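These numbers were taken from a predicted model, which means no experiment stands behind them.
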Amino acid sequence: MSAQRQQTIPAEVETPGSRPHPVTGLRGWLLEHRVQPVGPEADESHTTPQPWWKVMCLTGVDYFSTLSYLPGIAAAAAGALSPLATLLIVALTLLGMLPMYRRVAEESPHGQGSVAMLENLLPFWKGKIFVLVLLGFVATSWLITITLSAADATVHLVENPYTPQFLHGHNVLITIVLLLILGAVFLMGFSEAVGVAIPLVAVFLLLNAVIVVEGVIRVISTPAAFSSWTHALTAHGTGFGGIVWPAFLAFPALVLGLSGFETGVSMMPLVAADGKTPQERLASRIRNTRKLLTVAALIMSVYLIATSFVTTVLIPAKEFGPGGEARGRALAYLAHRDLGEVFGTVYDLSSVLILWFAGASAMAGLINIVPRYLPGYGMAPEWGRAVRPVVVVYTAISIVITIAFKADVEAQGGAYATGILAMMVSGAVAVLISSIRRRQWRSAVGFGLLTLVLAYALIDNIIEKPDGLAISALFIGGIVLVSLISRVTRTTELRADKIEFDETARRFLADSLAHDGKLNIIANQRQAGDKAEYDEKETAQRDMNPVPGNADVLFLEIDVIDPSDFSDVLRVTGVEVGGHRILRAESPAVPNAIAAILLALQNATGVRPHAYFEWAEGNPLAHMFRYLILGRGDTAPVVREILRESEDDPKHRPGIHVS
C-alpha cells in the first residue's frame with residue numbers, strides 16, 4: 001500500500017504559483033521570444049538557428065565594417081609604417097585572437113563568452129560583482145558600438161557630394177532615425193536581421209575588392225608612388241628602432257578592428273547544429289562557430305593588408321591629418337578619386353548601410369549574453385529574458401548616448417576602445433587560466449604573451465583617452481545599482497525553477513498522509529543533526545504551537561549553498577535520524593525554498609500543509625540584512641509574505657504557525 005500511496009506524490013513539481021505569460025495582445029507579442037537559461041538542452045526558441053556562414057555575416061557587419069575607417073586610422077597613427085602596423089594586427093589576429101576565441105567557443109558554448117569562464121573564479125557575492133563589472137564593460141563596448149557606428153554612418157552620408165544640403169548639420173537627428181530603424185529590425189526578429197546582414201556584407205566586400213584591385217593596378221602602373229612610399233618608410237631609419245618599434249607603438253590604435261571576435265562567440269546560440277542528442281548538437285555548434293571565426297579572420301586579414309597598402313601608397317599623407325579628405329574614410333577617398341563619383345557614391349551608400357547595421361551584431365550580442373546572467377541572478381526582472389523588451393531598452397539607451405555625445409564619432413572613441421579592449425583582456429586571462437589548470441604550458445606561454453599585448457593596448461588607450469574609463473565606470477555603476485535594486489525587489493519571489501522529490505522523501509510524505517490525511521511540518525535549522533536535537537525540537541513545538549497531539553510530523557531543513565545565487569532546481573531528499581523523518585534541500589535562500597516546497601506539496605497532494613516555526617531572537621533589521629545577504633534570517637514572516645504574494649486566496653495558502 002505504501003508504494004501505491006507514494007505514486008500519488010510526483011517526483012517533479014513545476015514551480016508553484018507560476019503563471020504562463022499571455023500569448024495575445026501587445027504584452028504577448030513583446031514576451032513571445034525569450035532567451036532561456038544556459039544548459040546543454042537550453043531552448044533557443046527565441047530565434048531560428050542559422051547556418052554558420054549566415055551568422056558570420058551578422059557578426060561581419062561589425063567586423064568587416066571597420067574597413068570603412070581602419071585604413072585611415074592606421075595611416076594617421078603610423079604614417080608610412082601603416083602596412084607594417086597592419087601586419088602586426090594580422091599576426092595578432094591569426095596567432096593570438098583566433099586561437100583564443102576558438103578556445104572560448106569550446107569552453108563557453110552558450111553565448112556567454114569569456115565572462116562565463118571567469119564567473120567561478122570568485123565565490124559568492126564577490127563572483128557576482130565581478131561578473132557585473134565585466135558586463136559593464138560588455139555593455140560599454142556594445143552600446144557604444146551601436147551609437148558610434150550609426151554616427152559614423154551619418155558622417156559618411158553627410159559628406160557625400162550628392163547628399164541634399166538640408167541634411168547637413170542634423171547629424172544627431174539622422175543618427176537617431178538610424179537607431180530607430182535598427183531597433184525596428186530586431187523587433188521583427190533575428191531571422192530578419194540575418195537576412196539584412198547577408199547582402200550588406202556581400203556588396204561591401206565586393207566593392208572593397210574593386211577598390212583594392214584598382215589600387216594595386218595604379219601602384220604597378222605608377223612606380224613613383226611606390227618609390228615615394230619606400231623612401232618615406234625608411235626616412236626615420238631602418239631596422240628595429242627605425243621601423244619595427246614605431247609600428248609596434250602605433251598598433252594599439254588598430255586593435256579596435258578585432259571587435260568581431262567577441263560578438264562571434266556571443267552569437268553561438270544562433271548557429272545551427274546537427275545531431276540527435278543535445279551533446280552532439282553542442283559539439284556541432286562548437287565546430288561550426290570555429291568555422292565562423294576562422295573564415296571571418298582570414299577574410300579580414302587579407303582585406304586589412306591589401307587596403308592598408310593601397311591607401312598608404314596612393315593617398316598623400318596630408319589627407320590623413322585633421323581636416324583631410326581621407327581622414328577616417330580612406331577607401332571612400334580612393335573610390336571617389338580613382339573610380340568616379342558614381343562608384344564613390346555607391347561605396348558611400350554601402351558604407352553607410354553596413355556601418356548603420358554594424359550595431360546589429362552588438363545588439364544581437366547584448367540580447368544573447370545579458371539575459372543569461374542578470375535575470376538568473378535576480379538582478380533584472382524576469383521579463384528581461386524576453387527579446388523585444390530588451391531591444392526597446394537598448395534602443396532607448398542608445399538614443400540617450402547619441403544625444404549626450406551629439407553623435408560625435410571621436411568623442412565616443414575612448415569609451416568604445418576601453419570597453420572592447422577590456423573584453424579582450426578578460427578573454428585572454430580566461431584562456432590563460434584554463435591553460436594553466438589543464439597544465440598546457442605551451443598554450444599558457446602563448447596566451448600569457450597575448451594577455452600582456454592586449455593589456456598594453458588597454459593601458460595605452462586609457463592613458464591617451466582617460467574619459468573612456470570614466471564612461472565605462474558609469475556603465476558599471478549603473479548596472480550594479482539597477483541589479484541590486486532589482487535583487488531587493490525580487491526577494492519575495494518563490495525563486496525555484498522546479499521542485500524534485502527523491503524516493504525516500506516521497507515515501508515519507510505518503511506515509512504521513514496515510515497516518516491522518518494531513519501534512520504537519522516543523523522547520524528546523526540543523527545543528528548537531530542527531531536524535532537528541534530532533535527529540536527536543538519536536539517536544540518544544542508540540543508545547544508551543546498547536547500541533548495536534550496525535551499528529552504525525554515531518555522536519556524540513558534548508559541548507560544555504562550560495563546566497564548570491566537567485567534561483568535553482570530544489571531537490572528534496574528524505575533522511576531518517578533516530579526515527580525522525582527529515583526533508584532536506586539546498587537553496588540560496590531559506591524562506592523562499594520553504595514557501596516553494598509547501599506550495600508544491602499543496603498542489604501535488606491537494607492537502608493544505610501546516611508549517612511550525614519559532615520566533616527568531618534579535619533585531620528585525622539585522623535579520624532583514626542577513627536574509628538579503630546570507631539567505632536566512634527571521635524565516636517565518638518572510639515565508640508568510642512569499643506565500644501571500646504567490647497565492648491570492650488566504651484559504652488556499654499553507655498554514656504558518658509561529659510561537
Side-chain angles (χ1 to χ4, degrees), residues 35 37 112-116 118-119 121-147 266 362-363 365-387 389-405 412 414-416 418-420 422-423 426 462 466-493 495 562-567 588-589 592 621-622 624-631 633 638:
V35 177
Q112 297 166 291
S114 56
V115 177
L118 296 171
E119 182 179 9
L121 288 180
L122 296 173
F124 302 109
W125 286 106
K126 292 180 181 178
K128 299 298 184 294
I129 298 299
F130 180 58
V131 169
L132 291 180
V133 171
L134 291 180
L135 289 179
F137 284 114
V138 169
T140 302
S141 62
W142 284 346
L143 284 170
I144 298 294
T145 294
I146 294 172
T147 59
S266 73
M363 181 75 81
L366 285 167
I367 289 170
N368 276 292
I369 189 171
V370 176
R372 297 184 187 278
Y373 283 103
L374 296 188
Y377 286 176
M379 294 179 173
E382 188 60 26
W383 59 257
R385 296 191 191 276
V387 171
V390 298
V391 168
V392 173
V393 171
Y394 294 146
T395 302
I397 294 174
S398 298
I399 291 173
V400 171
I401 293 172
T402 296
I403 295 172
F405 284 102
Q412 299 175 69
Y416 175 68
T418 300
I420 287 177
M423 291 167 62
S426 71
I462 291 174
D467 58 312
L469 184 61
I471 295 168
S472 296
L474 288 177
F475 275 95
I476 293 169
I479 285 181
V480 171
L481 178 61
V482 170
S483 298
L484 294 179
I485 292 173
S486 176
R487 180 70 181 237
V488 171
T489 60
R490 296 186 65 189
T491 50
T492 54
E493 293 181 10
R495 295 168 57 172
D562 182 355
S564 65
D565 282 341
F566 187 76
S567 64
N592 309 73
L621 290 177
M624 181 184 70
F625 283 110
R626 287 185 68 229
Y627 167 56
L628 292 174
I629 303 300
L630 302 177
V638 183

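- Distance CG/Leu135 to CE/Met423: 9.5 Å, rounded to 0.5 Å.
- From Ile420, atom CD1 reaches atom CH2 of Trp142 across 10.0 Å, with rounding to the nearest 0.5 Å.
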Return a table of donor-acceptor pairs under 3.5 angstrom between the side chains of residues 397-404 and protein atoms on other chains or two or more places apart.
residue	atom	partner	partner atom	Å
Ser398	OG	Tyr394	O	2.8
Thr402	OG1	Ser398	O	2.9

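- Interatomic distance, CG of Leu132 versus CG of Leu484, reported as 7.0 Å (0.5 Å rounding).
- Legend: residues meeting side chain to side chain contact (heavy atoms under 4.5 Å, CB included) with Leu134, ordered by chain and number and at least two apart, are Val115, Leu118, Phe130, Ser426.
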Pair Thr147, Leu143 - check side chain to side chain contact (heavy atoms under 4.5 Å, CB included), show working. CA-CA 6 Å; Thr147 59; Leu143 284 170; 5.8 Å; no
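- To the nearest 0.5 Å, atom OG1 of residue Thr140 and atom CD of residue Gln412 are 12.0 Å apart.
- Val138 and Ser141 make their closest contact through O-OG, 3.0 Å (heavy atoms, listed as atom of the first residue, atom of the second, distance).
- When all heavy atoms of Asn592 and Glu493 are compared, the pair lying nearest together is ND2-O, 2.6 Å.
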Show me the side-chain donor-acceptor pairs of residues 471-482 shorter than 3.5 Å, one per line, residues at least two apart or across chains.
residue	atom	partner	partner atom	Å
Ser472	OG	Gly468	O	3.0

